[in-house]
Amino acid sequence: MIKPPARKAPPRKTAKGAKYELCLYVAGNTAKSSAALANLKRIAADHLAGEYSIKVIDLLKNPALARGDQILAIPTLVRRLPSPIRKIIGDLSDTERVLVGLDVKPHA
Amino acid sequence: MTVQTNKRPVPKNRRLPGIRKAPSGIAGLDEITGGGLPSGRPTLICGGPGCGKTMLAMEFLVRGATEFDEPGVFMSFEETAEDLEQNVVSMGFDLKALQRRKKIVVDEVRVVRSEIHETGEYDLEGLFIRLGHAIDSIGAKRVVLDTLEALFGGFSNAAVLRAELRRLFDWLKQKNVTAIITGERGEGQLTRQGLEEYVSDCVILLDHRVANQLTIRRLRIVKYRGTVHGTDEYPFLIGQKGISVLPITSLGLTHRAPTSVISSGIAALDPALGGGLYESSTVLVSGTAGTGKSTFAGHLTAATCERGEKALYVGLEQSPDEFLRNMKGIGMPLRRYVSEGLLKFHALRPSAHGLELHLTTIHQHVEEFKPHLVVIDAITSFFGMGLSAEINSMLVRLIDFLKSRGVTLYMASLSENAASAERGGANISSIVDTWIQLRNVETNGARVRTLSVVKSRGMAHSNLTHQFAITGKGVALQNAPSQQPS
C-alpha cells in the first residue's frame, strides 16, 4: 500500500554517500515553504559539513507522495538517513530545535 | 368583501429545494433521517469507545460504493488498513475487492507525536493534498475521517489545528462530498475536542450501555439542520449484514409471499385451516387461560424440528424447563431437539426489560440462530409494559422483520374473558395471516374445548367450531361440528 516516493528532483547539494539524506516536503511556493528551504540550506551548510543531500518535493506536483512518508503538515522535513526516520515540521526557524530534531545535537 | 389574492401562478410541480440526502443504505437509519445523511456536507458521528462509530461510517461508505454508485475514501487515523479490512469481514464486506475495483480507497494516516519535532509555522496542507488526491483518484462522493481527533494527539499547536479543521470542513463542502467525521465522546460535550462546533449540519450520537447484563446500542440524532427527523433514542444492532437501526419499518410491505404450506403440527387441524399454514406467515392463537395455547405452540414446534428446521421459543410465562416438562406430559418430547440444536429458548419475564430491548434481543436471536419458526408465548405479556400503541408498533415491526427473513411467527394471546376473546388481543388480528380462537365452553357440567379458525388468509378454511381434547398424545380434534359462533 505504501509506495516509496519516486526520486526525481536532483539533490541540491550532494556529497558522496551523504550521511544526512534530507527531504523537504512543500506545497507550492508559499512563504513558509521558501522560509523552510532557506533555513534548511543555511543550517545544513553551517552544521552538516558537506555530508548531506537535500531533495525538495512539491506535493502540488506529486500529490501521491504525501502518503509514503505520512505527510500531513507542510512544510515537513524528513530525515531519511541515518535511520530511524525523523520528521521536523514547520518553517525551521529555530536552528537549535532543528539540530536537535536531526539528532545532530543531543537533546538539551 | 373579497380578499385580494396573490395572482402570480404557482407552478404545480415545483418542489422547494430542500436538503439533498445521501442514502446510507443502513437498515432503519434512512427511515429516521428521512432519506439519509445531508448530501455534500459533513456529518459528525460521536460516541464513546466501542460504540460502533467506525462500523457505521464504514457501512455508509461500502453501501455508497456498492449500492448507490458513490465511491468513497476512508481516511483512518486510528486503525491500520489490515485491521479495518478484518473488522468489517464480520459484516460481510470485502474491502480488499472494493479497493481493487477502485470503489474505495483506504488511506491510513499515522500520527506519531514522538517522531515529530515542531519548529516554526506550519499548516496541514499535506492532509488536504492527500485527501484531495484520494478523492480525485476514484471520483469519490463520500469521505470518512475516522477519527480526526487523533490529530490533536499528533500536533501540539491547537490554534493551528482548529483553524485547519475549520478550513477542512469548508473545503469538504466545496468538494461536494458527503463526509462522516467521527469523534470520541467528551466530558460535558459531545466530542473531546469540540468537533461539533465545526459540523453544523448533522450530528448523530451513538451510545452503548449495559442493562441487566445485556448490552444495548443506541443511536440518537442530536441535530439535523433543515430536516424533520426522529428524535428518540433508537436501539441498533451490528449484525452479520451490517447495522440495523430499529425501527426497521423500512422493510414495509415488500416481503415475498412463499406459497409453500407447512403443517400446523396437528394433522387433523390442517384440513380445517385449508391445508396448513403458509410458510413465513403469522399465526395468532388466542384464548382465555388454560385453553391450550401453549400446547398448539408445542405441536408446531415439534413439527418444525421434526423437519430438521430450527425453532426459537420466546417464553414470557413459563421457564424452558417447565415448558419442556409440560409438553412431554402430553406426548411431545421436545428435549432432544434442544440437544440437537434445533430448539432454542429465550425466556424472561416481560417486565425485565423495556419493549425496545425485547425487540432487539429477539432480533439478535433471530440473526444469530436463524430459526424457521419463532414462538412468542404470550404476546399479551407485553401489555401493561407500555402504551398499547407502542406495543402494537413493536409487534408490527417484529412481524415485518420476521416476514422479511422468511420466519414463521406463532403468537399466543391471552384473552381476559370470553368477551375480549373476540378482539383477539392487541388489535393486531388484522395483520396476522391465520387466527385460531380457542374456547372453554361449559355445558352440561363439563368443560368442552373448542377451536375455530377465524381467519386463514388465502386458504379455504373451515367455518366450523371444532371440539378438541388435550390427551396424552397432545391435541386430538373431534371433527364433530358444532354450532357456528354467533
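Naming convention: chains lettered A, B, ... in sequence-line order (proteins, then strands); numbering from 1 in each chain.
Between the CD1 atom of B:Ile116 and the CG atom of A:Leu77 there is a distance of 12.5 Å, given to the nearest 0.5 Å. Taking CD1 of A:Ile71 as the start and CG of B:Leu124 as the end, the distance is 12.0 Å to the nearest 0.5 Å. Summarising the geometry, atom CD belonging to B:Glu118 is positioned 7.5 Å from atom CZ belonging to A:Arg97; distances are rounded to the nearest 0.5 Å. With rounding to the nearest 0.5 Å, the separation of CZ in B:Arg110 from CG in A:Asp69 is 9.5 Å. Rounding to the nearest 0.5 Å places CZ of A:Arg67 at 8.0 Å from NE2 of B:His133. A distance of 13.0 Å separates OG1 of A:Thr76 from NE2 of B:His117, quoted to the nearest 0.5 Å.
For the pair B:Glu115/A:Arg86, no side-chain contact is recorded, criterion being any heavy-atom separation below 4.5 Å from C-beta on. Contact annotation: the side chain of A:Lys32 never approaches that of B:Glu125 to less than 4.5 Å [non-hydrogen atoms, C-beta and beyond].
Here the shortest heavy-atom pairing between B:Gly120 and A:Ser93 reads CA-OG, 3.6 Å.
Counting non-hydrogen atoms of other residues, nucleotides and ligands closer than 6.0 Å to CG of A:Asp46 gives a total above 12. Residue B:Glu78 qualifies as enclosed at atom CD: its count of foreign heavy atoms under 6.0 Å is above 12. More than 12 non-hydrogen atoms from other residues, nucleotides or ligands lie less than 6.0 angstrom from NZ of B:Lys173.
Only the side chain of B:Phe155 comes within less than 4.5 Å of a heavy atom in chain A; its backbone stays farther off. Proximity to chain A is limited to the side chain of B:Val111, based on heavy atoms less than 4.5 angstrom apart.
Among the candidates A:Ile88, A:Val100, A:Thr95, the single residue satisfying the side-chain contact (heavy atoms from CB on, under 4.5 Å) test with B:Thr119 is A:Ile88. Of the options B:Ile129, B:Leu131, B:Val109, a side-chain contact (heavy atoms from CB on, under 4.5 Å) to A:Leu72 is made by B:Val109 and by none of the others.
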